[in-house]
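What follows is one structure encoded as C-alpha cells, with my remarks underneath.
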Amino acid sequence: MKQTNENMNKRESLIKDLTANIIDSAKDIVKETESQEVTKDIHIEVTNRLNYETNSLLNEVVTKLSPSIVDINIKEQPEGRKFERFGKNFRSQHMLMFVSVIILIITGMPLKFPEFGISKFVIISMLGGLENSTLIHRIGAVGLIIVGVWHLIYIIFSRVGRRDFFLMIPNLQDAKDAIQTIQYYIGKRAKGPKFGRFSFIEKFDYWAVYWGMIIMIGSGAIMWYKELFPKYAYDIGREMHSDEGLLATLAIVVWHFYNVHFNPEVFPMSWIWWHGQLTESEMKHHHPLEYDEIMKKESEEIINKSKSEGEN
Amino acid sequence: MNGKHLKQTLILSGLIFILFFCETGWTLEKCQICHSKKDIHRTEETGRKIPLFVDESILGKSVHSERECTDCHADIVEIPHKKPKKVNCKRCHYEGNPVGAPEGQLYDQFEHSVHGMAVMSGNDKAPVCQDCHGNHDVIIHTDSTSKMYWQNIPKTCGSCHIEIYATYKESVHGVAVANGVKDSPVCSGCHGEHNIRSPKEDDSRVSQMRISQTCSECHGEKGVVSKYGIKTDRSATFEHSFHGVAQQMGNRTVANCASCHGYHDVRKEDDPKSSINPANIKETCGSADCHPTATAEFASGQIHINPKSEESGILYYISKFFLILTVSTLIGLFIFILMDLFRRAKTARQKRHGK
C-alpha cells in the first residue's frame, strides 16, 4: 500500500516535469522565431518543429508513465534511466585498440625523434634497448591487426555491429550538421543541430581510424618483411609509417582527447569507455534524435500491448 | 802566490772543469769519432747486424739539432759504452720543463692509447714515440722528409701495419693522398694520433658507435667534401635512416658507414672492386650478419635517401602530402576546439546572468 503511494507521488512529479518540458520547448521555439518576420516558410518550419517536439514528448510521456517501466526505474535505477551506448563487445575492441596504440606510440615515436633526450630515455633506459622496443612494437602491431579483423567481423556478423556500421556512413545531413554547428559556434544560431546515434564528429573519428589502420598496417607490414620488397617500397613504407604515425598521434592527443577527456563537460575523463552507459540527460543532450526514436519505439510497444490487452 | 793558494786554485779549477764537463755532456764530435763510420754495427745474439751509423746531415735537420747526444742517451757516461737504454722522451717533454720542449696532454693520451697500453703491458714490439716520430730524424712535420709529414704518415704506420697499408694505398683516400689532396684522410685522420684506441672501445674514433661521427667530420654538412663534388648529406641521411636511428639508440648490430663502404678499402661506387658497386651491393647488404635473405631489388636504388629533397622522387611527394595533410587537419581541429570552448564560455556567461 505504502509502495503504491510512493509510486503515485513519483508519477505526479514526473507528470509535472514533463509538462514543464513541453511548455519550455514551446517557449524556446516561439522565442527563436520572435525576432523574425513571419513568412510562410517560417510558419511551416515552426509548425513542423512543434509537431515533432510534441510527438516526441508524447512518446516520452507514454513510455515513462507506463506502469511497468516506472516500476523498473524507481526500483533499480534511483538516479534515473541509463542507456547502454556501447556494448561489451565494442568496448573490448576499443580497450584492445587503445592499449595497442599506446604501446605503439611509446615505442614508435622515439624512433621518429631520436635526437631528443626523452627518446633515448624511453628506448634505452625504460625499455632496455632497441631489441626490446622493436619487439614490443610488434606486439602492439599484432594487437592492432587483431582489432582491425575483429571489427570487420563485428560489423559483418553482429546485428548491432551491422546497424551501427550503416549508421556510421556519412550522408548529406552530416554536412548540414557541420555547417549548423559552425553557425552555432559563431553565434548565428541559438542552438546547435540535433544529432542521432552518431554525430558528424564521431563519424569523422571513426573513418579516420580506417585511414590510419590501412596506412599503418600496410606500411608496417612492408617494413616487417622488408627483404621481400624492393628498396623503394621500404622507403615509401617507412616515410608513410612515420608521417601517418605522427598525424594519428596528434589527432588522438588533440582531437579525441579533447572530446573524451579535456573538454569542460567531461574533464578529466568520460568513463563511457568502461561502463558504456549514458544517463538520460546526456542522451537527450548529445543524441536527442536517437533518444526520440527509442521513446517512440517503446511507446508504440506499450500502446500495442495495452491495445491487445484491452481487446482480450 | 804560496803553496796553499796553488792547491786551492787547482781544486777550484778541477771543480770548474768537472762542472763544465757535466753541463755540456758528450759533444757530437766525440760520439761521431765512432758513429760516423758507415759500417759500424752491433751484432745481436741471433746474428742480426744492427747498424749504428748516425748520419750527421740528418741529425742536422732534426728538431733536436741543438741538443747533445747525451741529452737523450743520458745513460752513456763513458766511452766505449754498452748498448744504451731506450730513449725516454719524457725526460724533456713534460709539463713545465725548463728547456722549452713542447709538451701537453700527449703523454697521457699515449699512455691510454692502444699502443701505450701495449707498451705498458710489456709488449716490446709496441711502438713508443721514436717508432713513429723517428729517432735521429725527428724532423718537423711540415718538412716533406719528416716521418710525420702528412703524405708520409701512411708509410710510417705501414711499417708495422703492412697489409693495411697495402689496402689503404689503393683506396679512394689513399689514392687521393698520393695525388696530393690534403683534405683526404691519412691514418691519423680517422684513427687519431696519440689517442688511437682499439676499434672495440666505444670511445675510439673508429668504433661502431663513433665512426659515423668521425666520417661526418669530412662527409657531413660542415665537411670539406663538397669541394670535390661529393654530397654532404651522407651523414644526415644516415642518421635519419633506420640504421642511424638504431645506432643512436645504442644498438651495436646495425650497419654503420664502414659496414657498407669498408674502411681501409673505401672505394668509389663506380670502382668494380667497391663494396657498394651495383654489382657487389647485393652481397654487401646480404652478408650473413645483416640481411641474408636480401634480393637484388632489396639492395638496389638510392640508399642515402632524403625525403625532403626533390631528387627522391615519389618519396618527396609523399612526405609533402603528409605534411600538408597533418598541418591542415590539425589547424582545422584546433579551430573547431577553440570555437567549441568559446561557445561553451559564452553559454556559461549567459546562464550566470540569468538569461
Side-chain angles (χ1 to χ4, degrees), chain A residues 110-115 119-120 122-125 127-131 133-134 178 181-182 184-187 192 201 204 208 211 215 223 225-240 242-251 253-259 262-265, chain B residues 239-242 244-254 281 285-286 290-303 305-308 312-323 325-327 329-330 332-348:
Chain A
L111 302 191
K112 186 168 172 69
F113 301 104
E115 61 274 24
S119 303
K120 291 196 176 75
V122 169
I123 298 291
I124 299 169
S125 312
L127 302 173
L130 195 79
E131 289 83 358
S133 83
T134 46
T181 304
I182 292 167
Y184 165 66
Y185 282 161
I186 59 178
I201 292 169
F204 171 80
W211 162 255
I215 303 271
M223 292 200 287
Y225 298 103
K226 54 194 164 301
E227 280 97 348
L228 301 179
F229 294 91
K231 171 82 167 48
Y232 68 84
Y234 170 81
D235 287 335
I236 291 168
R238 186 163 181 262
E239 184 62 33
M240 286 168 97
S242 159
D243 292 346
E244 173 59 28
L246 181 65
L247 173 55
T249 306
L250 288 173
V253 172
V254 173
W255 182 241
H256 191 59
F257 278 17
Y258 174 74
N259 287 327
F262 302 137
N263 88 64
E265 208 171 316
Chain B
E239 269 168 34
H240 288 116
S241 76
F242 178 75
V245 171
Q247 195 198 49
Q248 291 172 68
M249 293 302 166
N251 186 289
R252 287 162 187 283
T253 53
V254 285
I281 194 149
C285 297
C290 300
H291 303 279
T293 55
T295 59
E297 285 77 33
F298 173 71
S300 66
Q302 281 189 66
I303 305 289
I305 199 156
N306 177 10
K308 288 183 180 68
S312 309
I314 185 164
L315 206 59
Y316 169 78
Y317 294 102
I318 289 173
S319 151
K320 264 273 142 67
F321 167 74
F322 272 100
L323 181 71
L325 183 68
T326 306
V327 170
T329 307
L330 281 166
L333 295 182
F334 263 115
I335 290 174
F336 226 86
I337 288 171
L338 287 176
M339 288 199 303
D340 187 52
L341 282 171
F342 178 76
R343 182 68 214 200
R344 279 173 201 272
K346 196 177 162 189
T347 313

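Each chain gets a letter, A, B and so on, in the order the sequences are listed, and its residues count up from 1.
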State, with a plain yes or no, whether a side-chain heavy atom of A/L246 is found less than 4.5 Å away from one of A/F113. yes

Which of the residues A/K120, A/R238, A/M223 is involved in the greatest number of heavy-atom pairs with chain B at under 4.5 angstrom? A/R238

With sequence neighbours excluded, what pairs up with B/R343 under the salt bridge (Lys or Arg N to Asp or Glu O under 4.0 Å) test? none

What I'd like to find out is whether the side chain of A/D243 reaches to under 4.5 Å of the side chain of A/K112, using heavy atoms alone. yes

Is it the case that more than 12 heavy atoms not belonging to B/I314 sit under 6.0 Å from its CD1 atom? no

Tell me, out of B/G301, B/S300, B/A294, who's got the most heavy-atom pairs with chain A below 4.5 Å. B/S300

If you tally heavy-atom pairs under 4.5 Å between each of B/F336, B/F342, B/F334, B/F321 and chain A, the highest tally belongs to B/F336

Flag the pair A/E115 / B/E239 as yes when at least one side-chain heavy-atom distance between them is below 4.5 Å, and no otherwise. no

I'd like to verify something: which residue of B/S241, B/A246, B/G244 has the highest number of heavy-atom pairs under 4.5 Å with chain A? B/S241

Quick one: what part of A/F262 sits under 4.5 Å from any heavy atom of chain B, side chain, backbone, both or neither? neither

Chain A contacts, top residue of B/E297, B/M339, B/M249 (heavy-atom pairs, under 4.5 Å): B/M249

Looking only at B/A348, B/S312, B/G250, B/P307, the option with the highest number of non-hydrogen pairs under 4.5 Å against chain A is B/P307

Donor-acceptor pairs under 3.5 Å, side chain of residues 229-236 of chain A to any protein atom, not counting sequence neighbours: which ones?
| from | atom 1 | to | atom 2 | distance (Å) |
| --- | --- | --- | --- | --- |
| A/K231 | NZ | A/D235 | OD1 | 3.0 |
| A/K231 | NZ | A/D235 | OD2 | 2.9 |
| A/K231 | NZ | B/Q302 | O | 3.0 |

Do B/Y316 and B/N306 touch side chain to side chain, with heavy atoms closer than 4.5 Å? no

Heavy-atom cut-off 4.5 Å, strictly under: side chain, backbone, both or neither for A/I201 against chain B? side chain

Among the options A/N259, A/T181, A/N263, pick out the one with the most heavy-atom pairs lying under 4.5 Å from chain B. A/N263

Pair count under 4.5 Å, heavy atoms only, with chain A: among B/I335, B/L330, B/L323, B/T295, highest is B/L330

Measuring heavy-atom distances to chain A, does B/I305 have an atom under 4.5 Å in its side chain, in its backbone, in both, or in neither? side chain

Would a 4.5 Å heavy-atom cut-off, applied to side chains only, mark A/W211 and A/E244 as touching? yes

